[in-house]
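Read the structure below first, then the notes.
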Amino acid sequence: MKKASFIIIAILIAAVLMPAQVFAQKTIVLRLAETHPQDYPTTRGDYEFARLVKERSGGRIVIEVYPGSQLGQEKAVIEQVQFGAIDLTRVSISPVAAFVPRLNAFQMPYLYRDEAHMWKVLKGDIGKELLASLEPFGFIGLGWFESGARNFYNSKRPIRTPADLKGLKIRVRESELMMGLVSAFGAVPTPMPFGEVYSALQTGVVDGAENNWPSYFSTSHYEVAKYITLDEHTRVPEIIIGSKISLGRLSPADQELIRQAAFDAIDFQRAEWAKYEKISIDKTVAAGSQVVEIADKSAWQALMAPLYAKQSKEIQALVERIRAVK
Ligand code: GTR
């Protein structure tokens, strides 16, 4: 009898204390910066990542996604992630390579045989190694997203051979490698933030830019640069990075939960990408974009040899390993 009443009292005390404990467990809110608008496939990938984190943490960890460059342009956002003012961001590896040079290995021109090859690299040992190598620079590399192949487009003329690019002012990202690439094609690289490109094309500050189909469409660049050439000079993966300072405050188990969720959001994002890429092609072509296909890219590739030769030994070794992935 005595034992039974003790158990009942214990249960009652637990019932009273339980909600207090639950409420005492504070919700962790992390802000994620995204340059693209809400309906862009990469942003959809961010939302999926946030959904998985919330679900798996039982609502304890909430990732708030800020699309449309609300928290700033990519370079400024990366700096803020580095010193912990922004917790997470999805960016292209191009601007991150200015902070972590070895990432350049992943955006060398004509590096991957195709999309499948790139994903084998990203999801395999080399991809994991590169994500881990971000840590000494103040970032936690969480996962990769698809970003298609990049092509040149401009407002002046159809580009059929690299010689047609000669002298054109082409907007590039704030990336030394991209400047070298555009110069090697004989064009004039003009670095500027993504958000300024539309008006730069419109006012003639630049003649052209380069990007994948979804960005060409979603930014409306096609309205002011209708000649697009499918030279597919790079495949530049997107990356989700976290701040070492802010994620470092979380328990190792929570850090692992976030890492796994980012990785598990990849396939969803890739499927969204494929759908949106098709829509982008259809819509821009219907609006009057003139597409030049390049069946044989060997003349384009040949011009990139000096750029490869200029890279550090570390990058050259990585490039060899990437090429060896079958
Ligand atoms: C897009 C990429 C963005 C941004 C942009 C650019 O393809 O998703 O993160 O880097 O290109 O050219 O600035």
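Both ligands and their constituent atoms are indexed starting at 1 by order of listing.
Salt-bridge annotation for K75 and E174: absent, with no side-chain N of the basic residue lying under 4.0 Å from a carboxylate O of the acidic one. Contact check on E129 versus R321 returns a salt bridge, with a Lys/Arg side-chain nitrogen under 4.0 Å from an Asp/Glu carboxylate oxygen.
Side-chain polar atoms of R173 and S92 form a donor-acceptor pair below 3.5 angstrom.
Any N or O atom pair closer than 3.5 Å counts here, and R150 shares at least one such pair with ligand 1. Residue E210 has no nitrogen or oxygen atom sitting less than 3.5 Å from a nitrogen or oxygen atom of ligand 1, judged on distance alone.
Not a single heavy atom of T42 sits closer than 4.0 Å to an atom of ligand 1.
Listed by number with element, the atoms of ligand 1 under 4.0 Å from a non-hydrogen atom of S215 are 1 (C), 7 (O). Close approach to E238 involves these atoms of ligand 1, each under 4.0 Å from a residue heavy atom: 2 (C), 8 (O), 9 (O). Of all atoms in ligand 1, listed by their number and element, those nearer than 4.0 Å to a heavy atom of S92 are 9 (O), 10 (O). Taking every non-hydrogen atom of N211 and a distance limit under 4.0 Å, the qualifying atoms of ligand 1 come out as 1 (C), 5 (C), 6 (C), 7 (O), 11 (O), 12 (O).
Because its NZ or CZ atom is both nearer than 6.0 Å to the ring centre of Y308 and within 45° of the ring axis, R323 counts as a cation-pi partner of that residue.
By the criterion of side-chain heavy atoms lying less than 4.5 angstrom apart, applied directly or through intervening Ile, Leu, Val, Met, Phe, Trp or Tyr residues, V236 is not grouped with I228; the two fall into different hydrophobic clusters.
Only the side chain of N212 comes within 4.0 Å of ligand 1, judged by heavy-atom distances.
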Verdict with supporting geometry, T229 and D231, side chain to side chain donor-acceptor pair (under 3.5 Å): CA-CA 6 Å; T229 295; D231 64 294; 6.0 Å; no

Residues S147, E238; criterion side chain to side chain donor-acceptor pair (under 3.5 Å); working and verdict: CA-CA 6 Å; S147 194; E238 315 278 27; 3.0 Å; yes

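When hydrogens are left out, the protein atom nearest atom 13 (O) of ligand 1 is R171 NH2, 2.9 Å; that is the closest non-hydrogen contact. In terms of protein heavy-atom proximity, atom 9 (O) of ligand 1 is closest to E74 OE2, 2.4 Å.
Panel note: side chain Q255, backbone L247; a donor-acceptor pair is recorded below 3.5 Å.
Atom 2 (C) of ligand 1 has its nearest heavy-atom neighbour, among Q73, E34, H221, H36, in H36.
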